[in-house]
**Student:** 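Below is one structure. I have some questions about it.
Keep in mind that this is a model prediction, so the values were computed, not measured.
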Amino acid sequence: MSAPTMRQLGDVIPLPAAVRPDSTADFRIPSGVSVSAAPAAAAVADELGVLLRRVTGFAVPVKEEEPENGGFRLRLDESVDEAKSPESYRLDIAADGVTLSAPAAAGLFAGLQTLRQLLPETAGGEVTIPGGRIDDEPRFAYRGTMLDLARHFYEPADIRTFIDTIAQFKINHLHLHLTDDQGWRLEIDGWPRLTEVSGGEGTGIDGQGPGFLTAAEYADLIAYGETRFVTIVPEIDLPGHVNAAQVAYPELTCDGEPVQPRTDAEVGYSSLCAGKEETYAFVEDVIRVVAGLTPGPFLHIGGDEALSTTAEDYRTFMTRVLPMVGRYGKRAIGWHEMAAVELPPTAVPQYWRIEPADDGVARAAAAGHQVIMSPADRSYLDMKYDESSPLGLDWAGLVGVERSYDWDPADRLPGVGEESLLGVEAPLWSETLRSRADVEFMVFPRLLAIAEIGWTPRADRSWPEFRRRLAEFGPRWTAQGVNFHRSGEVDWK
């Protein structure tokens, strides 16, 4: 008996830009199958070889020579139109083999994720792939999700597993919220107490989330993400959300007096002092170290919920700190409150609230700034699915799977249209979470809705069709050991 496969060429998530099925070109994988690729595509070819060996049980060698017949070919075609995204690709499936071509390795990897979804997740007999051609490229360059390590720390092994799962859906940025009132989760050279004290036992919500990343562990995560074409975006939240830093170093308070650790979920009570030079020496040290550890282009400086910082002090702080990010070679991202000040040319506001308009973000867009869209009432993965959800919050409302899918970022804010969007991100805050299983329950399946919004042409998206395709992922996630939420909105297979 043949192993079950997705028999329709377009039954993948995110939906590709152009799908042309050809039922006469279905490819049955033969026992002598091989993978061929030039050295520049060797890493993706190796990934494909591992995948094929798992689902077919065949040896599947990977080599540079073109297969004589019945093989998989990976081709880097640098002659492709330069206007094309490096993540674009073409997948041709014919009766005599499969050819995946792209202008860059990132495109080959994206195409591999599509091909993976057309294969069974586990071995089980003869495997046939539906024939035809897919031409594909992303709608937005930035498609992200966020893990809050400050409220609850997740071990590097769990983060790597998370990267593996999100990369299957062409999510290409992982934003790590590394500091907050309840904990500091990244080692900073020259400031050891940040992690010794505020990354130690008793930190996190209710004291249940201790731990931190050493510089070496952080570098390893970045390197691992690069193998999955996922860029790590570190966040150091400033000037609010800093109680953990002030516990470790009381000189960072305005009066120099110690503050008590906080493990509750309140926000808005802490602030760095905009009038002290010690503040800027600390901030510049942290930015310098984090920028030096991070090869990716972005450094997130937070900027939200600074409720105990006066408007004047906030402007003073941001005006001085934002240029530091550029001096150390990075592009600043910040929660959209930072748009209250004049931004450096490459700075990116990230909109996170639920209001229908924001003047600061609209001004930034009009001035040419790119925007990341993360409205809490659509994209926050820590919101409850429904009233019975055992985890999550509900301050932004209940966010089911259809609500996560049935919106468009180009319509979200007046003055912030398609041309102003860098992309979309789905944040996950950790106030109610305690494990990787909790993370997976809140993220899947809703992250796939955000992934499709970020990749698929707007005109091609349809909730009924997405819901049908999504139903196929129950067995796949079960086979992968992913603790997904079996939402009643989906007729799971």
**Student:** Any idea which heavy atoms bring G400 and R446 closest together, and the distance?
**Tutor:** O-CD, 4.2 Å
**Student:** Let's go through F162 and R160 carefully: what are the C-alpha distance in whole Å and the side-chain angles of both, what is the deciding distance for side chain to side chain contact (heavy atoms under 4.5 Å, CB included) to 0.1 Å, and is it a yes or a no?
**Tutor:** CA-CA 5 Å; F162 187 66; R160 285 193 291 271; over 6 Å; no
**Student:** Between V401 and W463, is the side chain to side chain contact (heavy atoms under 4.5 Å, CB included) condition met? List the steps.
**Tutor:** CA-CA 10 Å; V401 183; W463 162 248; 3.9 Å; yes
**Student:** Can you tell me how far apart CD (E155) and OG (S435) are? Round to the nearest 0.5 Å.
**Tutor:** 12.5 Å
**Student:** When you measure from the side chain of R228 to the backbone of I166, do you find a donor-acceptor pair of N or O atoms at a distance under 3.5 Å?
**Tutor:** no
**Student:** Measure up the Y385 and F441 rings against each other and bin them: parallel (under 30°), tilted (30 to 60°), perpendicular (over 60°).
**Tutor:** perpendicular
**Student:** Apply salt bridge (charged side-chain N to carboxylate O under 4.0 Å, His left out) to R436 and list each qualifying residue two or more places apart in sequence or on a separate chain.
**Tutor:** D158, E440
**Student:** State the CG-OG1 distance between L118 and T128, to the nearest 0.5 angstrom.
**Tutor:** 12.0 Å
**Student:** Side chains of T432 and D382: does their closest heavy-atom pair fall under 4.5 Å?
**Tutor:** no
**Student:** At what distance, to the nearest 0.5 angstrom, does CG of L15 lie from CH2 of W455?
**Tutor:** 11.5 Å
**Student:** Is the closest side-chain heavy-atom distance between Y218 and I232 below 4.5 Å?
**Tutor:** yes
**Student:** Any salt bridge linking R75 with E66? Criterion: basic side-chain nitrogen under 4.0 Å from a carboxylate oxygen.
**Tutor:** yes
**Student:** Is the number of heavy atoms from other residues, nucleotides or ligands under 6.0 Å of E355 CD greater than 12?
**Tutor:** yes
**Student:** Return the set of residues passing side-chain contact (heavy atoms from CB on, under 4.5 Å) with E418 (not counting sequence neighbours), or none when no residue passes.
**Tutor:** R139, F140, A410
**Student:** For H300 and H175, take the angle between the two ring planes, folded into 0 to 90°, and tell me which bin it lands in: parallel under 30, tilted 30 to 60, perpendicular over 60.
**Tutor:** parallel
**Student:** Using only atom types and a distance under 3.5 Å, with no angle test, would you say the side chain of D148 pairs donor to acceptor with the backbone of S430?
**Tutor:** yes
**Student:** To check you understand the geometry: which heavy-atom pair defines the closest contact between P427 and W335, and what is its length?
**Tutor:** CG-CH2, 4.4 Å
**Student:** Once you round to the nearest 0.5 Å, how far does CG of L149 lie from CG of L178?
**Tutor:** 6.0 Å
**Student:** Donor-acceptor pair, H177 side chain versus T179 backbone, under 3.5 Å?
**Tutor:** yes
**Student:** Does R327 have any salt bridge (charged side-chain N to carboxylate O under 4.0 Å, His left out) partners at least two apart in sequence or in another chain, and if so, which?
**Tutor:** E284
**Student:** Is the shortest heavy-atom distance from the side chain of L343 to the side chain of P349 under 4.5 Å?
**Tutor:** yes
**Student:** Return the set of residues passing side-chain contact (heavy atoms from CB on, under 4.5 Å) with D135 (not counting sequence neighbours), or none when no residue passes.
**Tutor:** A18, R20, R90, R133
**Student:** Would you check if the side chain of D304 reaches a backbone N or O of E337 as a donor-acceptor pair within less than 3.5 Å?
**Tutor:** no
**Student:** Taking all atoms of both residues into account, what is the closest heavy-atom pair of L421 and Q370, and its distance?
**Tutor:** O-NE2, 4.5 Å
**Student:** Roughly how far, to the nearest 0.5 Å, is NE2 of H173 from OG1 of T145?
**Tutor:** 12.5 Å
**Student:** Looking at residues at least two apart in the chain, or sitting in another chain, which of them share a ring pair (Phe, Tyr, Trp, His ring centres under 6.0 Å) with F153?
**Tutor:** none
**Student:** Between the side chain of S85 and the main-chain N/O of E87, is any donor-acceptor distance below 3.5 Å?
**Tutor:** yes
**Student:** Distance-only, no hydrogens or angles: does the W492 side chain make a donor-acceptor pair with backbone N or O of P475 under 3.5 Å?
**Tutor:** no
**Student:** Output yes when R458 and D411 qualify as a salt bridge under the 4.0 Å nitrogen-oxygen rule, no when they do not.
**Tutor:** yes
**Student:** Per the side chain to side chain donor-acceptor pair (under 3.5 Å) rule, what does the pair list look like for residues 390-403, sequence neighbours excluded?
**Tutor:** none
**Student:** If you round to the nearest 0.5 Å, how far is CD of Q168 from CG of L112?
**Tutor:** 10.0 Å
**Student:** Is there a side-chain contact between L176 and L174, using heavy atoms and a 4.5 Å cut-off?
**Tutor:** yes
**Student:** Is any side-chain heavy atom of Y380 closer than 4.5 Å to a side-chain heavy atom of W352?
**Tutor:** yes
**Student:** What are the two closest non-hydrogen atoms of T56 and V60, and how far apart are they?
**Tutor:** OG1-CG2, 4.0 Å
**Student:** Would you mind reporting whether F72 and V33 have side-chain heavy atoms less than 4.5 Å apart?
**Tutor:** yes
**Student:** Please assess L391 against L433 for the test side chain to side chain contact (heavy atoms under 4.5 Å, CB included), listing each intermediate value before the final yes or no.
**Tutor:** CA-CA 7 Å; L391 302 171; L433 311 184; 4.1 Å; yes
**Student:** What pairs with F444 under ring pair (Phe, Tyr, Trp, His ring centres under 6.0 Å), at least two apart in sequence or on another chain?
**Tutor:** W477
**Student:** Would the distance check show the side chain of T214 and the main-chain N or O of E217 forming a donor-acceptor pair, the cut-off being under 3.5 Å?
**Tutor:** yes
**Student:** Looking at side-chain heavy atoms only, is the closest gap between D358 and R353 below 4.5 Å?
**Tutor:** no
**Student:** Does E137 pair with K84 as a salt bridge, N-O distance under 4.0 Å?
**Tutor:** yes
**Student:** State whether the side chain of R143 and the backbone N or O of K170 hold a donor-acceptor pair below 3.5 Å, judged by distance alone.
**Tutor:** yes
**Student:** Run the numbers on W407 and M373 for side chain to side chain contact (heavy atoms under 4.5 Å, CB included), then give the verdict.
**Tutor:** CA-CA 11 Å; W407 68 287; M373 202 61 71; 4.0 Å; yes
**Student:** So, for A437 and N483, which heavy atoms are closest and what is the spacing to 0.1 Å?
**Tutor:** O-ND2, 3.0 Å
**Student:** Going by heavy atoms in the side chains, are L115 and I129 under 4.5 Å from each other?
**Tutor:** yes
**Student:** Could you go through the salt bridge (Lys or Arg N to Asp or Glu O under 4.0 Å) check for D491 and R467 one step at a time?
**Tutor:** CA-CA 8 Å; D491 295 326; R467 178 177 176 270; 3.1 Å; yes
**Student:** If you take all heavy atoms of S36 and E65, which pair is closest and at what distance?
**Tutor:** CB-O, 2.9 Å
**Student:** Tell me every residue that passes salt bridge (charged side-chain N to carboxylate O under 4.0 Å, His left out) with R54, counting only those two or more places apart in sequence or in another chain.
**Tutor:** E121
**Student:** Apply side-chain contact (heavy atoms from CB on, under 4.5 Å) to A367 and list each qualifying residue two or more places apart in sequence or on a separate chain.
**Tutor:** H369
**Student:** Suppose we screen for ring pair (Phe, Tyr, Trp, His ring centres under 6.0 Å). Which residues come up paired with F169, at least two apart in sequence or across chains?
**Tutor:** F473
**Student:** Does E465 use its side chain to pair, donor to acceptor, with the backbone of R461 at less than 3.5 Å?
**Tutor:** no
**Student:** Considering residues at least two apart in sequence or located in another chain, which fulfil the side-chain hydrogen bond (donor to acceptor under 3.5 Å, both in side chains) criterion with S374?
**Tutor:** Q350
**Student:** Output yes when a side-chain donor or acceptor of K330 lies under 3.5 Å from a complementary backbone atom of T294, and no otherwise.
**Tutor:** yes
**Student:** Quick one: do E47 and R116 make a salt bridge, cutoff under 4.0 Å?
**Tutor:** no
**Student:** What residues, two or more places apart in sequence or in another chain, satisfy salt bridge (charged side-chain N to carboxylate O under 4.0 Å, His left out) together with D46?
**Tutor:** none
